[in-house]
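Written below as structure tokens is the structure these notes are about.
Note that the coordinates shown come from a computational prediction; the quantities given were computed from them, not determined experimentally.
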Amino acid sequence: MPSFDTVCEPNMVEVRNAVDTSAKEIGTRFDFKGTSAAIELKDKEITMFGDAEFQLTQVEDILRNKLTKRNVDVRFLDIGKVEKIGGDKVKQVIKVKNGIETEDAKKITKLIKESKLKVQASIQGDAVRVTGAKRDDLQAAMAVLRKDMPDLPLSFDNFRD
């Protein structure tokens with residue numbers, strides 16, 4: 001039975017490389033000299049530090065550029081609120097999305113059922129497995145998901161014939 005898995009997983013190696021090159025650029029840029037601007041990655045959270053919200057937006061812009069150059073979709077970023085820390089310093093936490101949340105998985109299965117294709121979708125942990133009788137139906141299901149779920153950076157793997 002042909003099948004594939006719909007997943008939402010970033011390439012964490014490329015994310016780490018993008019954060020490291022962003023930190024290097026922040027350290028060398030003239031407009032960040034003598035400020036507390038910094039960026040770091042722990043587990044699946046990127047933390048940005050700065051003197052003001054304006055500086056955080058500049059750091060975020062640098063990060064987005066580095067991620068784009070490394071072919072990491074910026075839709076993986078879940079940007080949190082700006083928090084004040086000691087004195088006039090601020091920080092912002094960005095979570096890197098990994099896996100499909102249950103609400104989104106339910107939307108995907110509902111979307112596939114409404115598409116009237118001869119395929120079945122089942123939620124398996126943080127992925128959605130789609131099975132069907134023909135490869136063409138599976139490819140049509142992929143096209144439907146790409147078109148109707150633009151806010152999720154979906155990828156398809158484990159394609160079995």
Which donor-acceptor pairs under 3.5 Å do side chains of residues 57-76 form with protein atoms, sequence neighbours excluded?
| from | atom 1 | to | atom 2 | distance (Å) |
| --- | --- | --- | --- | --- |
| T57 | OG1 | F54 | O | 2.5 |
| E60 | OE2 | R64 | NE | 3.1 |
| E60 | OE2 | R64 | NH2 | 3.1 |
| N65 | ND2 | D61 | O | 3.4 |
| K66 | NZ | E25 | OE1 | 2.8 |
| T68 | OG1 | R64 | O | 2.7 |
| R70 | NH1 | E14 | OE1 | 3.0 |
| D73 | OD1 | R75 | N | 3.1 |
| D73 | OD1 | R75 | NE | 3.2 |
| D73 | OD2 | R75 | NE | 3.0 |
| D73 | OD2 | R75 | NH2 | 2.6 |
| R75 | NH1 | P150 | O | 2.4 |

If you look only at distance, which donor and acceptor atoms sit under 3.5 Å apart when one is on a side chain in residues 29-42 and the other is two or more places apart or in another chain?
| from | atom 1 | to | atom 2 | distance (Å) |
| --- | --- | --- | --- | --- |
| R29 | NE | D31 | OD1 | 3.1 |
| R29 | NH2 | D31 | OD2 | 2.7 |
| K33 | NZ | G27 | O | 3.4 |
| T35 | OG1 | F32 | O | 2.7 |
| T35 | OG1 | Q55 | NE2 | 3.3 |
| S36 | OG | D51 | OD1 | 2.6 |

For a quick test of your reading: what N or O donor-acceptor pairs under 3.5 Å do the side chains of residues 88-114 make, sequence neighbours left out?
| from | atom 1 | to | atom 2 | distance (Å) |
| --- | --- | --- | --- | --- |
| Q92 | NE2 | G80 | O | 3.0 |
| T109 | OG1 | A105 | O | 3.3 |
| T109 | OG1 | K106 | O | 2.8 |

Ignoring hydrogens and angles, write down the donor-acceptor pairs under 3.5 Å from the side chains of residues 137-148, residues two or more places apart or on other chains.
none

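With sequence neighbours left out, R16 forms a side chain to side chain donor-acceptor pair (under 3.5 Å) with no residue at all.
Other cluster members for I85: F49, joined by side-chain heavy-atom distances under 4.5 Å among Ile, Leu, Val, Met, Phe, Trp and Tyr. Summarising the hydrophobic clusters (Ile, Leu, Val, Met, Phe, Trp, Tyr; side-chain heavy atoms under 4.5 Å, direct or chained), the residues clustered with M1 are none. Within the hydrophobic cluster formed by Ile, Leu, Val, Met, Phe, Trp and Tyr side chains joined at under 4.5 Å, directly or through other members, V7 stands alone, with no partner residue.
Within 6.0 Å of CD on E53 lie no more than 12 heavy atoms contributed by other residues, nucleotides or ligands.
Screening residues 97-156 for ring pair (Phe, Tyr, Trp, His ring centres under 6.0 Å) gives F4-F156 as the qualifying pairs, with residues at least two apart or on separate chains. Listed by first and then second residue, the salt bridge (Lys or Arg N to Asp or Glu O under 4.0 Å) pairs involving residues 121-132 are D5-R129 (not counting sequence neighbours). Note on residues 87-146: no pairs pass ring pair (Phe, Tyr, Trp, His ring centres under 6.0 Å), not counting sequence neighbours.
Hydrophobic clustering of Ile, Leu, Val, Met, Phe, Trp and Tyr side chains at less than 4.5 Å, counting indirect connections, unites I26 with V15. Follow the hydrophobic side-chain contacts under 4.5 Å out from M48 and you reach M12 in the same cluster.
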